[in-house]
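In what follows, a single structure is set out as structure tokens and then discussed.
Everything numeric in this text was worked out from a predicted model, so none of it was measured.
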Amino acid sequence: MNHDRSIAIQIVELIQREQLPVGTHLRAQMLADQLRVSRTPVNDALGLLHEKGIVTREKNRGFFLAQPVSAPAAELAAALGLSEPDVVGTAYFQIADDLLKGALPTEVSEQAIRTRYALTATQLGAVLARIAQEGWGERKPGYGWQFSTMLTTPDSLLQSYRMRLALEPAALLEPGYRLDPRTIAQLRAAEVHLLEGGIETDTADQLHDRGVRFHEALVEASGNPFFIDAIRRVNRVRRLLSYRSMRERSRYADHARQHLHLLDLLERGRNEDASQAMRDHLGHTLTALARITDILEP
């Protein structure tokens, strides 16, 4: 699906998680902050939801929730025609896969990309914009693109987890650490959703983004800008190899239960215990990924 439709579904999920009542003002900046995207795709997605009757637009005021959203997001997306073939997403993953296999050079022209993956000019622009936003490719002077060489080995993902193992438990011990109760409720609802079936039904994008939101929110509560910047950078870099590891989803139920345990500890102010639990959580994941490096191989 195109990026606007993907964002629209994420907005619907957020409305459900927060149990927002009809008439709620859906502020674009608030949604952009929650979904970690810029305001432009959020406004485009809200316009799409306006066309579908989910939200209403009021002149000079913005968008407001127009009807209750109770059906599962996937069902609602299908009913509204938001779940159309994902040409941009398919090309994105194929480019990533070809890069990891060495089938695509790290420097290539836009025309070569467009021809190889049979994209329209608009689709090409959307794919390259997403790649640039996620930090694993950048435009060269002229019309060429250069892709990161940091992601070409399975050990790249393991290295990113070792960096997180050093950073995240320490962030939970920062003086003045505070995780907002509203954030705890949002994160808890997302984990419960996974355990109630989301592990099987969510897309790779949704699974990855939910995990990123969880870990970044916990680090952000430290208030330490150096930790926050580091976790955001490593999450952008590890996205591609993380997707490849999602072919094996059996470990996600344990992940969700460990996340819920972490939230319980932080909610009770037991940060020392939470720090050790985070160390155990990331350590278990690192061990599990080391066992499935064949999944990460081309």
Side-chain angles (χ1 to χ4, degrees), residues 1-56 62-86 88-89 92 130 133-134 180-218 220 235 239 242-243 246 249 252-253 255-256 259-260 263:
M1 74 188 61
N2 68 35
H3 198 45
D4 295 346
R5 291 172 184 270
S6 172
I7 298 293
I9 293 173
Q10 290 180 57
I11 290 172
V12 169
E13 290 178 330
L14 187 147
I15 290 168
Q16 291 177 325
R17 278 201 310 272
E18 308 229 353
Q19 300 179 328
L20 300 180
V22 171
T24 297
H25 188 187
L26 300 171
R27 293 179 175 82
Q29 188 59 59
M30 179 273 289
L31 294 171
D33 291 344
Q34 293 260 14
L35 301 178
R36 293 178 175 27
V37 296
S38 66
R39 286 183 59 169
T40 299
V42 167
N43 278 318
D44 292 342
L46 286 169
L48 186 59
L49 291 173
H50 172 61
E51 293 173 13
K52 304 294 184 181
I54 298 297
V55 306
T56 184
F63 294 93
F64 296 81
L65 186 58
Q67 59 172 278
V69 178
S70 55
E75 290 179 18
L76 187 60
L80 296 175
L82 296 177
S83 301
E84 61 185 28
D86 186 359
V88 170
Y92 169 92
R130 178 173 176 183
Q133 182 181 17
E134 294 180 359
D180 185 83
R182 183 177 174 84
T183 301
I184 291 175
Q186 293 168 0
L187 297 175
R188 185 175 278 132
E191 300 303 323
V192 170
H193 160 78
L194 288 184
L195 292 173
E196 290 180 346
I199 292 169
E200 289 77 29
T201 60
D202 280 11
T203 65
D205 264 333
Q206 290 168 326
L207 278 176
H208 178 80
D209 289 340
R210 190 168 278 114
V212 164
R213 280 198 295 273
F214 179 89
H215 285 275
E216 288 190 1
L218 265 57
E220 286 164 3
N235 277 333
R239 178 180 284 265
S242 178
Y243 283 146
M246 285 177 192
R249 297 192 178 196
Y252 276 85
H255 281 197
H259 283 183
L260 289 170
L263 291 175

What are the two closest non-hydrogen atoms of [X] and [Y], and how far apart are they?
X     : Y     : value
Ala66 : Thr56 : CB-N, 3.9 Å
Pro41 : Ile7  : O-CG2, 4.1 Å
Ala28 : Arg39 : CB-NE, 4.0 Å
Ala8  : Leu48 : CB-CD2, 4.3 Å
Val22 : Pro68 : CG2-N, 3.4 Å
Ile54 : Leu65 : O-CD1, 3.6 Å

Value rounded to 0.5 Å, distance of [atom1] in [X] from [atom2] in [Y]:
X      : Y      : atom1 : atom2 : value
Glu191 : Gln186 : CD    : CD    : 12.5 Å
Leu35  : Glu13  : CG    : CD    : 9.0 Å
Leu20  : His25  : CG    : NE2   : 12.5 Å
Gln10  : Arg210 : CD    : CZ    : 9.0 Å
Asp209 : Glu216 : CG    : CD    : 9.5 Å
Gln19  : Thr24  : CD    : OG1   : 11.5 Å

Using the six-membered ring wherever Trp is involved, compare the ring planes of Phe63 and His50 and label them parallel, tilted or perpendicular (cut-offs 30° and 60°). perpendicular
How are the rings of His259 and Phe214 set to each other: parallel, tilted or perpendicular (split at 30° and 60°)? parallel
Kindly indicate whether the side chain of [X], heavy atoms from C-beta on, has any atom under 4.5 Å from the side chain of [Y].
X      : Y      : result
Leu218 : His215 : no
Leu31  : Leu46  : yes
Leu194 : Leu207 : yes
His193 : Gln16  : no

Taking atom CD of Glu18 as the centre, report whether more than 12 heavy atoms of other residues, nucleotides or ligands fall under 6.0 Å from it. yes
Go through it in stages, so that I can follow the logic: the residues are Leu26 and Ile15, the test is side-chain contact (heavy atoms from CB on, under 4.5 Å), and I'd like the CA-CA distance, side-chain angles, deciding distance and then a yes or no. CA-CA 9 Å; Leu26 300 171; Ile15 290 168; 4.2 Å; yes
